[in-house]
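Since this is a predicted model, take the numbers as computed values, not measurements. Just so we're on the same page: letters track the sequence lines, and every chain starts at 1.
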Amino acid sequence: MLLYIYLIAITAEAMSGALAAGRRNMDIFGVGVIAFITALGGGTLRDVLLGNFPVSWTQHPEYIYLTVSAGLLTVVMARFMHHLHRLFLLLDAMGLVAFTIIGCNVALQLGYHTAIVLMAGMITGICGGVLRDILCQRVPVVLRHELYASVSLLVGILYLQLEQLGINHDLCLIASFAVGIILRVCAIYWHLSLPVFSYSPKQWK
Amino acid sequence: MLLYIYLIAITAEAMSGALAAGRRNMDIFGVGVIAFITALGGGTLRDVLLGNFPVSWTQHPEYIYLTVSAGLLTVVMARFMHHLHRLFLLLDAMGLVAFTIIGCNVALQLGYHTAIVLMAGMITGICGGVLRDILCQRVPVVLRHELYASVSLLVGILYLQLEQLGINHDLCLIASFAVGIILRVCAIYWHLSLPVFSYSPKQWK
Amino acid sequence: MLLYIYLIAITAEAMSGALAAGRRNMDIFGVGVIAFITALGGGTLRDVLLGNFPVSWTQHPEYIYLTVSAGLLTVVMARFMHHLHRLFLLLDAMGLVAFTIIGCNVALQLGYHTAIVLMAGMITGICGGVLRDILCQRVPVVLRHELYASVSLLVGILYLQLEQLGINHDLCLIASFAVGIILRVCAIYWHLSLPVFSYSPKQWK
């Protein structure tokens with residue numbers, strides 16, 4: 001089940017990457033590249049930081065085809081995208097939760113400390129979007145808006161807690177998923193966000 | 001032969017990095033850093049993503065000296081650079097093709113799948129320039145302009161096809177080189193480019 | 001002793017990261033992320049490039065807690081920060097020198113060539129700040145201003161020279177530290193900087 005959600009998630013992320021590339025007037029090659037990086041960049045960064053070689057997509061070329069295709073399809077479908085805004089945000093929320101759980105699992109299997117497992121979940125969940133924003137010259141949106149990275153952290157903590165209690169694996173997954181998506185949807189609906197730190201010194205560096 | 005072309009290529013790339021650094025008024029240390037990263041960053045990223053340690057330049061300090069020197073030399077020669085514009089574009093095209101073929105070869109020797117071999121070629125070919133543009137705060141030019149990354153992809157495909165047909169290795173090299181450089185020169189001359197995806201939504205994220 | 005200085009250094013770097021995040025109006029989660037990356041990003045990049053797995057902070061979760069806490073503390077203390085400007089610059093100089101020496105030691109123990117050892121020192125010393133600036137959308141300040149990266153290089157060279165002469169290890173450390181901090185303080189005080197390369201072509205790429 002996690003695999004199917006993963007495939008939906010990388011597709012949704014690839015499409016969000018393609019739209020960001022379109023806002024920067026990239027050519028269709030650039031669209032494919034950004035789609036690929038948005039979808040698979042988080043997992044890649046996690047694998048490199050954890051020393052988990054080979055990096056997962058190098059063993060699954062089909063992920064490359066899927067994400068690049070999703071990016072190019074977005075170019076064709078772009079004019080209809082705003083009708084799908086809500087569906088899209090839901091897919092993105094699913095992606096965030098799926099990526100987080102997958103990232104936690106990878107680090108767990110490598111025997112890392114709990115804090116690192118949570119970091120691995122967050123890196124997988126949010127870094128694709130961070131790389132997309134760097135390449136498209138924006139201050140990473142996940143570091144500024146609404147509850148996003150924090151949802152990833154909470155899902156990771158919940159998932160680890162449930163697993164530690166020895167609860168059935170599928171139940172853990174479903175519970176973490178439900179809580180994660182509900183949190184994210186609430187965050188979007190009520191514009192929940194963490195306090196912002198604004199600092200404008202007169203003289204600094 | 002590939003080695004000599006490689007040395008010319010990293011020199012040309014280092015010089016293009018130095019010029020980009022100059023447009024951002026960096027000090028000469030920054031010029032050296034950007035020159036080094038533009039020339040060797042693509043190969044470094046490839047090695048890290050493929051888990052191919054040690055990274056190549058860590059075994060060849062002479063590449064560091066060469067690229068940093070080329071960057072600093074560019075500072076002195078900058079006022080004459082625009083006379084060399086055409087030579088420079090040609091060297092850059094040679095670099096793109098040489099980097100691509102070298103990148104493909106590295107991934108081939110590590111036994112990766114064909115799709116990953118092509119990715120390795122492209123990463124080696126274009127990522128130095130992408131890193132340069134990120135550090136100099138530009139939307140990466142290779143994702144927006146003319147045929148560049150796509151030339152890298154085509155050269156990779158051609159090279160692999162020729163090798164698979166069992167053609168003499170040197171012949172494969174020369175043919176891929178010739179086609180790659182001609183493609184790139186045509187792209188520059190006639191301003192060939194892929195269709196651009198422009199997306200300006202009213203309300204999105 | 002180096003460990004204590006290291007802990008002070010990552011705290012100071014984390015605080016500088018938090019202030020940069022505040023200038024971009026990030027939320028407190030983003031502040032924590034930038035604090036962490038500024039403090040530990042240089043060492044992480046060094047470990048990945050040298051193939052030195054596991055990356056050091058994945059074995060020391062307490063470094064994560066320390067840097068994130070320092071970042072969040074900065075949010076509370078921000079209004080008093082400009083009174084501490086000078087103390088802060090001194091801590092930052094200590095950090096630069098400590099990071100450089102630690103980076104050199106890591107590469108030395110892995111048996112790398114001298115040039116790579118110096119590179120490892122510089123990467124550890126300056127790349128945290130470079131990553132901070134990329135994420136906060138600034139042209140990296142260390143590539144443009146005052147003697148900073150060059151102090152890192154000089155400290156590395158001095159440290160290696162002294163070690164090679166067979167001088168007592170603690171003495172090497174103290175001497176490198178003293179010279180590094182004095183150099184950096186002089187650079188700040190007299191606004192010493194390397195020549196800047198300004199290049200503004202009419203027609204280029």
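- Contacts of C:Ala20 with chain A are absent, with no heavy-atom separation under 4.5 Å from either backbone or side chain.
- Heavy atoms closer than 4.5 Å to chain A are found nowhere in C:Ile188, neither backbone nor side chain.
- Side-chain contact between A:Tyr112 and C:Gln59 is present, with heavy atoms from C-beta onward closer than 4.5 Å.
- The contact between C:Val75 and chain A is made by backbone and side chain atoms together, counting heavy-atom distances below 4.5 Å.
- Both the backbone and the side chain of C:Thr58 come within contact range of chain A, each with at least one heavy atom under 4.5 Å from a heavy atom of that chain.
- Residue with the most contacts toward chain A among C:Pro54, C:Ala21, C:Pro61: C:Pro61 (heavy-atom pairs, distance under 4.5 Å).
- Counting only heavy atoms from C-beta outward, the side chains of C:Thr74 and A:Tyr199 never approach each other to under 4.5 Å.
- In terms of heavy-atom pairs under 4.5 Å with chain C, the best-connected choice from A:Ala115, A:Gly51, A:Pro195 is A:Pro195.
- Proximity to chain C (any heavy atom under 4.5 Å) is shown, for A:Leu110, by neither the backbone nor the side chain.
- The minimum heavy-atom distance between C:Phe29 and A:Ala149, with the atom names listed, is CE2-CB, 3.2 Å.
- To the nearest 0.5 Å, the span separating CH2 on C:Trp57 from CD1 on A:Ile116 amounts to 5.5 Å.
- Heavy atoms of C:Leu135 lying under 4.5 Å from chain A belong to its backbone as well as its side chain.
- To the nearest 0.5 angstrom, A:Phe197 atom CZ is 12.0 Å from C:Asp27 atom CG.
- In terms of heavy atoms, C:Gln137 sits closest to A:Arg138 at NE2-N, 3.3 Å.
- Contact of A:Ile134 with chain C is made through the side chain alone, with heavy-atom distances under 4.5 Å.
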